[in-house]
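Contents: one structure, followed by commentary.
Nothing fancy with the numbering, it's 1 onward along the sequence.
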Amino acid sequence: MKKIILTGDRPSGKLHLGHYGGSLKNRVLLQESHKQYIMIADIQALTDNFDNPEKVTSNVLEVMADYLSVGIDPNISTIFIQSQIPELAELTIYYMNLVTLGRLQRNPTVKAEIQQKGYNDSLPIGFLCYPISQAADITAFNADLVPAGEDQLPMIEQTNEIVRKFNGTYSSNCLKEVEPLISNVRRLIGIDGKAKASKSLNNTIFLSDEASEIKRKVFMMYTDPNHLKISDPGKVEGNVVFEYLNAFHENKEEINELKAHYQRGGLGDTTIKSILNDSLQSMLEPIRDKRLSLKKGELLEILYNGTRAAREVVKEKIEEVRDVIGIKY
Ligand code: TRP
């Protein structure tokens, strides 16, 4: 039996290089050897966009197009939309009883997001609880593996706590623990040098960006502020150009030579940016081309079919869960 993968993305914008390095590449690599479910997490996206649902709904098909463009094959991977499987919301409700407020507040990813969004006293409960809903997504499919970026580790840890608590409370082995698969691009920094590339910080390169836009962003990248003259020695740590070369440039030997040259001085920012630009352009051009060939009707059909298939799986699981709790009349 193939191992099961469940992953997903919030459709609050198009997908970018952070998604690609963190999880999408792995999903493409693993889709043949695993049974893979990919969820467009529109309900989760609403937890921080409830007052702007348009932002979520208008990006659902964009994310679907991103998936197909990078090589997710809908004939082997099941792509579905969260909101059309109400059983996931039901499962979330049962899990809510098993998690304390204090535990949610300690989730480092959620904590960082709360700070970044400046919620302070106006924190919506729905947002605080999204890790519980994510645990429902993962366990509903009996997932073994979640390929994701480093920021998802706390979600997986919390999922496994819920699994143990549920199984213990209801004396069952109904739920399965899951493992993360963190890629070697653990966390992609933003083009401005900020800790994380994200749509809301406006510091990312989208998979669908035009060639000229990619170039503009590469040449804007934060490097080493003390590397003023070409002859000056430069720093590679925290230097966005080198971080992106590490993440996406195929030739590791060339990267090492460039790093050594930059560190001893004599290598200009324009040169390294040109090399990165060439490498990103050749990686993203076929993805952009594939995207142009996709039709809206085709994307919708894939979404409907995937959701129908995924819902069958979840319905079976929810029956089991009700049974184990004893909700049977
Ligand atoms: N939290 C993920 C994000 O921020 C989206 C997501 C929802 C997810 N459910 C998931 C990821 C289950 C992996 C597994 O984009």
Side-chain angles (χ1 to χ4, degrees), residues 13-29 62 65-66 69-71 116 147-151 182-292:
K14 295 178 176 183
L15 301 185
H16 52 70
L17 286 183
H19 295 106
Y20 191 61
S23 164
L24 286 180
K25 264 166 95 174
N26 275 337
R27 296 185 205 174
V28 175
L29 288 172
E62 298 288 352
D66 284 321
S69 319
V70 299
Q116 189 202 321
E150 193 178 48
D151 60 324
I182 304 298
S183 85
N184 49 356
V185 185
R186 298 178 69 84
R187 182 186 298 259
L188 191 67
I189 59 173
I191 59 171
D192 53 1
K194 293 243 171 69
K196 188 182 165 189
S198 91
K199 156 105 175 107
S200 50
L201 297 173
N202 198 19
N203 62 0
T204 60
I205 295 177
F206 293 100
L207 297 173
S208 48
D209 273 348
E210 292 297 333
S212 57
E213 183 67 1
I214 296 168
K215 185 168 178 192
R216 190 183 71 80
K217 288 178 178 172
V218 169
F219 279 82
M220 263 173 53
M221 280 179 175
Y222 176 91
T223 55
D224 171 3
N226 297 318
H227 184 244
L228 299 172
K229 290 196 297 265
I230 292 182
S231 55
D232 287 341
K235 263 178 64 175
V236 301
E237 299 81 30
N239 184 320
V240 179
V241 178
F242 282 104
E243 296 278 344
Y244 278 59
L245 283 170
N246 279 340
F248 302 112
H249 193 65
E250 299 287 342
N251 188 337
K252 302 297 166 212
E253 214 172 299
E254 190 187 346
I255 300 177
N256 288 336
E257 279 165 25
L258 287 171
K259 279 185 183 166
H261 193 177
Y262 195 80
Q263 282 166 324
R264 61 174 189 267
L267 183 59
D269 281 0
T270 314
T271 309
I272 53 167
K273 285 179 172 175
S274 294
I275 294 168
L276 176 63
N277 181 54
D278 288 347
S279 140
L280 291 182
Q281 297 288 358
S282 55
M283 182 177 93
L284 293 174
E285 188 181 283
I287 295 178
R288 211 165 45 235
D289 284 352
K290 173 84 200 274
R291 192 186 187 93
L292 289 176

Lys252, NZ atom: more than 12 neighbouring heavy atoms under 6.0 Å
yes

Side chains of Tyr20 and Leu15: closer than 4.5 Å at any heavy-atom pair?
no

How long is the gap from CD1 on Ile214 to CZ on Phe219, to the nearest 0.5 Å?
12.5 Å

Roughly how far, to the nearest 0.5 Å, is CG of Leu245 from CD of Glu254?
8.0 Å

side-chain contact (heavy atoms from CB on, under 4.5 Å), paired with Tyr244, selected from Val185, Val218, Ile191:
Ile191

With heavy-atom distances below 4.5 Å as the criterion, would you say the side chains of Met221 and Ile205 are in contact?
yes

Can a donor-acceptor pair be found, under 3.5 Å and without considering hydrogens, that links the side chain of Lys217 to the backbone of Thr204?
yes

Side-chain heavy atoms of Gln263 within contact of Pro233, under 4.5 Å:
no

Min side-chain heavy-atom separation Leu17-Leu280 under 4.5 Å:
yes

Would you mind checking if Glu210 and Lys215 are paired as a salt bridge, meaning a charged N to carboxylate O distance below 4.0 Å?
no

Is there a side-chain contact between Val241 and Asp269, using heavy atoms and a 4.5 Å cut-off?
no

Can you check whether Pro147's main-chain N or O pairs, donor with acceptor, with Arg27's side chain at less than 3.5 Å?
no

About how many Å separate CZ of Arg187 and CG of Asp151, when rounded to the nearest 0.5 Å?
5.5 Å

Using 0.5 Å steps for rounding, measure from the CG atom of Asp209 to the CD atom of Glu213.
5.0 Å

Any idea which heavy atoms bring Ile189 and Val240 closest together, and the distance?
CD1-CG2, 3.8 Å

So, for Lys14 and Ser208, which heavy atoms are closest and what is the spacing to 0.1 Å?
CD-OG, 3.2 Å

Does Asp278 use its side chain to pair, donor to acceptor, with the backbone of Ile275 at less than 3.5 Å?
no

Keeping Ser183 on the side-chain end and Gly21 on the backbone end, is there a donor-acceptor pair under 3.5 Å?
yes

Audit row: Leu276, Phe242, side-chain contact (heavy atoms from CB on, under 4.5 Å) steps and yes/no:
CA-CA 8 Å; Leu276 176 63; Phe242 282 104; over 6 Å; no

Are Glu243 and Val236 packed together at the side-chain level, in the sense that at least one heavy-atom pair is separated by less than 4.5 angstrom?
no

Is a side-chain N or O of Asp224 found less than 3.5 angstrom from the main chain of Lys235, in a donor-acceptor match?
yes

Taking atom CG of Asp289 as the centre, report whether more than 12 heavy atoms of other residues, nucleotides or ligands fall under 6.0 Å from it.
yes

Using side-chain heavy atoms (C-beta onward) and a distance below 4.5 Å, is Phe206 in contact with Asp66?
no

Are side-chain heavy atoms of Arg291 and Leu207 found at a separation under 4.5 Å?
no

Of all heavy-atom pairs linking Ala247 and Lys25, the shortest is O-NZ, 4.0 Å

Check for a donor-acceptor pair, side chain of Gln281 on one end and backbone N or O of Ala211 on the other, with a separation under 3.5 Å.
yes

Relative to each other, are the rings of Tyr262 and His227 parallel, tilted or perpendicular (30° and 60° limits)?
tilted

Okay, side chain of Thr271, backbone of Leu267: is any donor-acceptor separation there less than 3.5 Å?
no

Tell me whether the count of non-hydrogen atoms from other residues, nucleotides or ligands lying under 6.0 Å of CG in Leu29 goes above 12.
yes

Inter-residue atom distance Glu253.CD - Asn251.CG, 0.5 Å rounding
6.5 Å

How long is the span from the CG atom in Asn239 to the CD1 atom in Ile272, to the nearest 0.5 Å?
5.0 Å

Where do Leu188 and His16 land on the side-chain contact (heavy atoms from CB on, under 4.5 Å) test, with the steps shown first?
CA-CA 10 Å; Leu188 191 67; His16 52 70; 5.8 Å; no

